[in-house]
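Below: the structure, in structure tokens.
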Amino acid sequence: MPEVEVRLRGEERAYTITIDHRARLPEVVDFDRYSRVALLTDQNVAAHWLEEIQSLVSGGSEPIVIPPGENEKNLATVETIWSRLAALGLDRSSLLVLLGGGVVGDIGGFAASTYMRGIDFLPIPTTLLSQVDASVGGKVGVNALGGKNLIGCITQPVAVFIDPELLTTLDQRNYRAGFAEILKHGLIADSEYFTTLPAALADDPRHRELPTAIVRSCGIKAGFVVRDEREEGIRKALNFGHTIGHALESVSLEGPEPLLHGEAVSLGMLTEAMLSRAVGLTDPEISQIRRRLEEFGLPVSIPESIDLAAVIERIQLDKKKRGDAIAWTLLETVGRAAIDCHVEPERIREALECVERGVG
């Protein structure tokens with residue numbers, strides 16, 4: 001039973017990320033300690049896993065099923081979840097299980113964090129992206145005011161339970177999108193991990209080395225979180241690829257070719273690697289980064305349907321903005337990030353245009 005412990009500094013708070021078969025869930029989580037248990041999921045995940053996961057929760061769990069998709073990650077959906085929690089009689093001694101990908105984890109964690117000023121929540125992530133990134137670290141929230149995750153908070157879960165077999169019902173595109181975050185972990189913290197991760201993993205969710213990669217990525221992210229829970233310093237390294245990526249994702253959702261989060265992050269990392277070179281950091285070997293992204297089936301050119309002017313405008317809504325300037329996370333080199341970097345506005349358009357054309 002591989003585990004990653006998240007022990008937060010300065011307080012007696014810790015939880016465990018467990019990577020194991022779902023049948024072991026009752027051994028890891030003591031459901032009997034809660035007055036009531038509810039389970040939040042979306043319609044796609046419910047069709048595959050809801051009944052089985054419910055059967056593993058001692059005493060049962062009341063289901064709350066929402067529509068799938070990033071467009072559901074809003075305050076109206078949160079209000080629906082709050083209403084269901086109240087109708088089901090959940091109190092401050094209750095638990096909300098989050099069975100789903102990043103949208104369910106983000107919105108469910110935010111709903112739990114704010115319902116009755118906070119109840120425990122347990123993510124059981126069902127996408128690779130959420131297993132290696134979204135479920136770790138306590139960032140929860142919703143999209144609002146035209147920006148990604150502009151309303152939210154940092155609240156740690158009571159535990160995280162990861163079963164790689166839950167990935168077998170994903171389509172190939174959604175599965176591969178998760179490797180953007182895995183490769184990001186290598187780019188910012190472990191050059192060997194980035195360069196040696198087998199590309200064959202992207203073709204087979206049952207690959208024997210996938211659990212090892214999940215453990216490694218969870219460990220890298222947890223390492224940043226325990227040193228800087230509130231993102232005041234080193235945790236900012238995890239934002240690499242996300243300033244551009246969030247803007248691309250938000251704009252694409254309004255057009256004919258919506259990007260998945262991981263796809264947008266892939267494009268964001270390539271663009272921000274170019275920005276790293278443009279501002280005078282050590283050349284982060286852009287050709288190598290592009291090649292590795294392609295090996296894992298991730299996009300390396302921005303679709304022409306995405307309006308770059310709209311992307312640049314959306315960047316100004318980024319949460320990392322301080323006054324009129326954005327604190328960028330860039331790369332010093334493969335395996336090491338640089339935080340709180342300054343980028344001249346004209347450099348942003350130049351880098352976006354290069355990625356759009358597939359050059360640079």
Side-chain angles (χ1 to χ4, degrees), residues 13 15-18 22-127 130-131 134-144 149 151-163 166 169:
R13 291 185 298 143
Y15 62 93
T16 301
I17 303 166
T18 301
R22 55 198 173 279
R24 301 287 298 277
L25 178 62
E27 302 173 31
V28 174
V29 181
D30 180 10
F31 293 106
D32 292 333
R33 64 183 283 237
Y34 292 101
S35 59
R36 291 184 183 274
V37 179
L39 189 155
L40 176 70
T41 190
D42 68 33
Q43 293 164 350
N44 290 343
V45 176
H48 296 289
W49 302 113
L50 175 57
E51 184 175 344
E52 183 177 358
I53 298 301
Q54 277 188 291
S55 72
L56 297 170
V57 178
S58 58
S61 60
E62 296 288 347
I64 303 171
V65 182
I66 62 175
E70 186 73 21
N71 287 328
E72 295 299 319
K73 205 168 84 172
N74 55 57
L75 288 170
T77 306
V78 174
E79 188 167 357
T80 298
I81 297 169
W82 286 332
S83 296
R84 287 284 289 136
L85 295 176
L88 294 170
L90 269 73
D91 56 31
R92 296 181 71 178
S93 299
S94 299
L95 172 72
L96 181 60
V97 177
L98 311 177
L99 177 66
V103 171
V104 167
D106 282 355
I107 198 169
F110 180 69
S113 299
T114 48
Y115 178 73
M116 293 193 172
R117 297 186 178 173
I119 63 173
D120 283 355
F121 62 95
L122 166 71
I124 304 178
T126 60
T127 65
S130 59
Q131 289 186 354
S135 65
V136 182
K139 281 188 176 181
V140 295
V142 296
N143 304 332
N149 298 327
I151 305 298
C153 54
I154 296 177
T155 308
Q156 302 299 333
V158 67
V160 179
F161 191 93
I162 296 172
D163 180 356
L166 298 181
T169 57

Test side-chain contact (heavy atoms from CB on, under 4.5 Å) on Leu90 and Arg92; report intermediate values, then the result. CA-CA 7 Å; Leu90 269 73; Arg92 296 181 71 178; over 6 Å; no
Shortest non-hydrogen contact from [X] to [Y]?
{"X": "Ala112", "Y": "Leu96", "answer": "CB-CD2, 4.1 Å"}
{"X": "Val140", "Y": "Gly105", "answer": "CG1-O, 4.1 Å"}
{"X": "Lys73", "Y": "Asp106", "answer": "NZ-OD2, 2.8 Å"}
{"X": "Ser35", "Y": "Asp91", "answer": "OG-OD1, 2.6 Å"}

Interatomic distance, [X] atom [atom1] to [Y] atom [atom2] [nearest 0.5 angstrom]:
{"X": "Leu56", "Y": "Ile124", "atom1": "CG", "atom2": "CD1", "value": "8.0 Å"}
{"X": "Ile17", "Y": "Ser135", "atom1": "CD1", "atom2": "OG", "value": "6.5 Å"}
{"X": "His48", "Y": "Leu99", "atom1": "NE2", "atom2": "CG", "value": "11.5 Å"}
{"X": "Ile53", "Y": "Leu25", "atom1": "CD1", "atom2": "CG", "value": "6.5 Å"}
{"X": "Glu27", "Y": "Thr18", "atom1": "CD", "atom2": "OG1", "value": "10.5 Å"}
{"X": "Leu88", "Y": "Ser61", "atom1": "CG", "atom2": "OG", "value": "10.5 Å"}

So, [X] side chain and [Y] main chain: donor-acceptor pair closer than 3.5 Å or not?
{"X": "Asn143", "Y": "Asn149", "value": "yes"}
{"X": "Gln131", "Y": "Thr126", "value": "no"}
{"X": "Thr77", "Y": "Glu72", "value": "yes"}
{"X": "Arg22", "Y": "Phe161", "value": "no"}

Would you say the side-chain atoms of Thr41 and Trp49 include a donor-acceptor pair closer than 3.5 Å? no
Determine whether Ile64 and Thr80 satisfy the following criterion, side-chain contact (heavy atoms from CB on, under 4.5 Å), listing intermediate values before the conclusion. CA-CA 9 Å; Ile64 303 171; Thr80 298; 5.9 Å; no
Got Phe121 and Thr155 here, is their nearest side-chain heavy-atom distance under 4.5 Å? yes
pair Pro157-Leu122: side-chain heavy atoms closer than 4.5 Å: no
If we check side chain to side chain contact (heavy atoms under 4.5 Å, CB included) with Leu50, which of these qualifies: Asp42, Val45, Val65? Val65
Would you say that more than 12 heavy atoms from the other residues, nucleotides or ligands in this model lie under 6.0 Å from the CD of Glu79, or not? no
Thr114 meets the side chain to side chain contact (heavy atoms under 4.5 Å, CB included) criterion, sequence neighbours left out, with Trp82, Phe110
Set of residues satisfying side chain to side chain contact (heavy atoms under 4.5 Å, CB included) with respect to Asp120, sequence neighbours excluded: Arg33, Tyr34, Leu95, Val158
